[in-house]
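Accompanying notes for the structure given below.
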There are 6 protein chains.
Amino acid sequence: MKESNQRDFCIADLKGVESPAGYPCKPPKTITVDDFVFSTSTKGTPNAFNFSITPAFVDQFPALNGLGISIATVEIKKGGELPLHTHPDANEVVILENGSVTAGFISSTYNKVYVKTLTTKGNIIVLPKGLLHFIINNGKGKAALTLIFTSVRPRVQILDLALFGNNFDSGVISKTTFLDPQQVKKLKGIFKGSG
Amino acid sequence: MKESNQRDFCIADLKGVESPAGYPCKPPKTITVDDFVFSTSTKGTPNAFNFSITPAFVDQFPALNGLGISIATVEIKKGGELPLHTHPDANEVVILENGSVTAGFISSTYNKVYVKTLTTKGNIIVLPKGLLHFIINNGKGKAALTLIFTSVRPRVQILDLALFGNNFDSGVISKTTFLDPQQVKKLKGIFKGSG
Amino acid sequence: MKESNQRDFCIADLKGVESPAGYPCKPPKTITVDDFVFSTSTKGTPNAFNFSITPAFVDQFPALNGLGISIATVEIKKGGELPLHTHPDANEVVILENGSVTAGFISSTYNKVYVKTLTTKGNIIVLPKGLLHFIINNGKGKAALTLIFTSVRPRVQILDLALFGNNFDSGVISKTTFLDPQQVKKLKGIFKGSG
Amino acid sequence: MKESNQRDFCIADLKGVESPAGYPCKPPKTITVDDFVFSTSTKGTPNAFNFSITPAFVDQFPALNGLGISIATVEIKKGGELPLHTHPDANEVVILENGSVTAGFISSTYNKVYVKTLTTKGNIIVLPKGLLHFIINNGKGKAALTLIFTSVRPRVQILDLALFGNNFDSGVISKTTFLDPQQVKKLKGIFKGSG
Amino acid sequence: MKESNQRDFCIADLKGVESPAGYPCKPPKTITVDDFVFSTSTKGTPNAFNFSITPAFVDQFPALNGLGISIATVEIKKGGELPLHTHPDANEVVILENGSVTAGFISSTYNKVYVKTLTTKGNIIVLPKGLLHFIINNGKGKAALTLIFTSVRPRVQILDLALFGNNFDSGVISKTTFLDPQQVKKLKGIFKGSG
Amino acid sequence: MKESNQRDFCIADLKGVESPAGYPCKPPKTITVDDFVFSTSTKGTPNAFNFSITPAFVDQFPALNGLGISIATVEIKKGGELPLHTHPDANEVVILENGSVTAGFISSTYNKVYVKTLTTKGNIIVLPKGLLHFIINNGKGKAALTLIFTSVRPRVQILDLALFGNNFDSGVISKTTFLDPQQVKKLKGIFKGSG
């Protein structure tokens, strides 16, 4: 067997071109232990929703290539939130690290709403793939979460940005959501959309 | 080999209990050609959005068990629409059968909006899994579509029903969508929600 | 995350080299709505079996890359047919669009034959993967079908062409099929085979 | 964790009902080493094609449940053959154990015929899924083969039995294969078909 | 569609019989938000290796059925360890929550050893499926870890228990490991094995 | 359809770069029957464990690309063995070709040991993925085996080489295996390790 083909893992070569199976593999000879290590300990600046996120997806952490999972850590300031959104290709497991949050999702069966407040480090909730969900920090201080996704790079569709943060035609929005035109206009203003 | 184990197909036994792989299989001896046949030619009554749908999902058409696809036919009255919605677990292929429709979806990458008007029988558009999308009949008469899904039973999350057609707490809706409370109240009224 | 890695879909780059997972993905920046759109409305010239086919497989419609499905439309002239053939890697769903056809397949269990005549637009039959099947237009005019396959590029093995449309040794054909040598010779003549 | 859920394997409970994922698992407490052991050393009586087969499929060897492979041993008498057939759901790897055989398959690409004579113990040929193939013992004595399939229970469609060993309508056979009616009649006689 | 078949998830019915795809699904009508929630906040008593583990596998947390992932939290006392072991069916992602640990695994390629000390909350290491690995608490106090597995119920094979904690014949152990008989005898004593 | 895209198989282009799905495919035009053929009839020189192995993995036999299986033949001299080892990514099926062997594996459930002596050509044992197992030739002469793996290139972790055939720190070995330091030193000497 050629040395280059003996492998236990397929660390992503991020310069290669992806296929539906992921990135091509780095040559085994170039791999060191640091390819298997990542740190989520540095935190970003909170965004307009008052949360910051540190992703460990395949593009940040190439060791995840082909493994079907990824991780992120999130900090939500007091009163902040992860607004209503979906992950079109990933189930999500939320682990509470610190603080207190209310998490909820809406099932497609009877549009039933499932909501739970997590208050203790180690509390876990599963948010099924593709369903609208939210997390609100309703505690007395900062909340911290570890998120696990069943995808190497979970996609995110935040409802407000999908509707109002682009050039989506306002008439079509009203037609397909039944929102009042002035409501659409107002939110287009907030989320810097046009159209 | 026992006769009962010789099989080319696993027709769903709808009385059995599903697992993540689908329904258990019907005994081969009970299978006839009619297990492989379905008809979408009868049409339902249009709903409040002015469309009717005839599903050929695994629960209507047990031959699809384990095959990973399903079909539906849709008729949209003039001016009607399939309002903004997602299929959390299925890509969708839309084939125009009659009339003219405008279809669109919103990508999770930069919230880019993709819109196309289909005008000729045989026009096809692909709507990727889990993304918000809509179809509007903007033609001069009824429109007819054949829909193909990459799931034996595509789930559907219609945005307005998920937000306003249930007991989802109005305060949380406003908090997580930035919609004005009076807008929420109005749409709760239209879609018969409470909370 | 690098922009080039944010993607909701993996449109095939047909100039790339396929792997078992399909084609590599086109760079997201080059993608427009037209990558998601196809038309089967133009029809080819009928072949010797009196049918014409318009495929929407991954090579014609790169949006299907990695989705595991594809589509074709078929027109069969009066009295024409899709002769006995298999799709070695795809289940097939046949939707009658126009006319009347008789479809059948042979199960590998007891070689049982399943045959059904479809007469109404919207009639559907499922033809399980890898089994010999046929469709005959036995109606009073042209028949039109939409075909759905559980593969991005269904392979087709037409029995007569596999046996008689190549250089397959005639002695081996007789030995392995029990057809008379003169029958083999006659059909080699019709299907332009040698050997 | 309940004892009954600790498991390294899912030995098939053949009395259970299959789903698309296979059989349910036997209770771990009932499992012994004999569940993992099988013998292909006893041979059946040769059939009309002069071969005998000893299958180690999931129904004979329940340890294969969920593993996606199975095995068979075959003996072909001098001059005997495995006539033209397909495995609709399995790739096949043939290992020559004894004697000499000629194996061939027909690709669906240009109907190209691939043929090879294997003469030495340990010679291997791969026969891709779903394609027509044959194996002829053209050696001076008995031939023995080990077959490996990428399915726990490979299905088999023998061309002659599919066409002539059942009640497949003779007129439809001629129509869809272009075989002469008298040829069909003759082979229906040999393979005990009707219709 | 029957109500009972509309589902977004397949919560495990732990009383049902598993198949290779997992447990059968609980009836949707019986599902509440508590089916999606779990807590790892209670900790067990440290074992002989000085660690305690709180698993959130499918048997403890039925919401994971069919999702292909699971979670555990681990506490390791000062000087304690997770001794050399494998997970035969799961990749593992280790997230340091508290303290300092040294983690390592041995690749099957050239038996190369990869070792890293994690010192900061949020440090992550990936341990590829099926390879021998260990984690030692070499810090000044207790260490805490969150473990993520790419299996709903990761199996664990601890080397010492597999060799010495059962009735594995001592002569065969020496023969197949090259350990001295007295070493085997000594460790059989420690790990309460016989044979 | 472009000729280059019509394919029934994806023969590995070993010069291409692997992805998690395997190698890219060779251009169809370059493929001949010899791409589907391999021979295990030549045997290597026995190693220190007194066995020789002839692999037919994807790197030797590119036709297996994407098929999920591979094969090897093994000869074990009298008294020789396949010492305790795992295949981290493959189930294994052992077929006895000649001689007599004792095979065993250790389950991760209760560390139960499963052992069986195979004495007759055609005897088969299944060794589940990722578990420690061994095969000893305890017959009166050479033993020969055919091995089938559910991976195109099964990885192998031989326990002694993983522990003692590299630069794995001796103190860490003793700490994580409870082996005596002098035992570690002795085996490091035998297996040419350092550290």
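The model shown is predicted, which means the values in this text are computed figures rather than measured ones. Order of the sequence lines fixes the chain letters, A, B, ..., with proteins taken first and strands second; residue numbering starts at 1 for each chain.
Counting heavy atoms of neighbouring residues, nucleotides and ligands inside a 6.0 Å radius, atom NZ of F:K121 exceeds 12 of them. The number of heavy-atom neighbours closer than 6.0 Å to NZ of F:K175, taken from other residues, nucleotides and ligands shown, is above 12. Counting heavy atoms of neighbouring residues, nucleotides and ligands inside a 6.0 Å radius, atom NZ of A:K112 exceeds 12 of them.
With sequence neighbours excluded, the residues that form a ring pair (Phe, Tyr, Trp, His ring centres under 6.0 Å) with F:F178 are E:F49, E:F191.
Close approach to chain F, defined as a heavy atom under 4.5 Å from one of its heavy atoms, is seen in no residue of residues 67-90 of chain A.
Ranked by heavy-atom pairs shorter than 4.5 Å toward chain A, the options F:P20, F:P24, F:G22 are led by F:P20.
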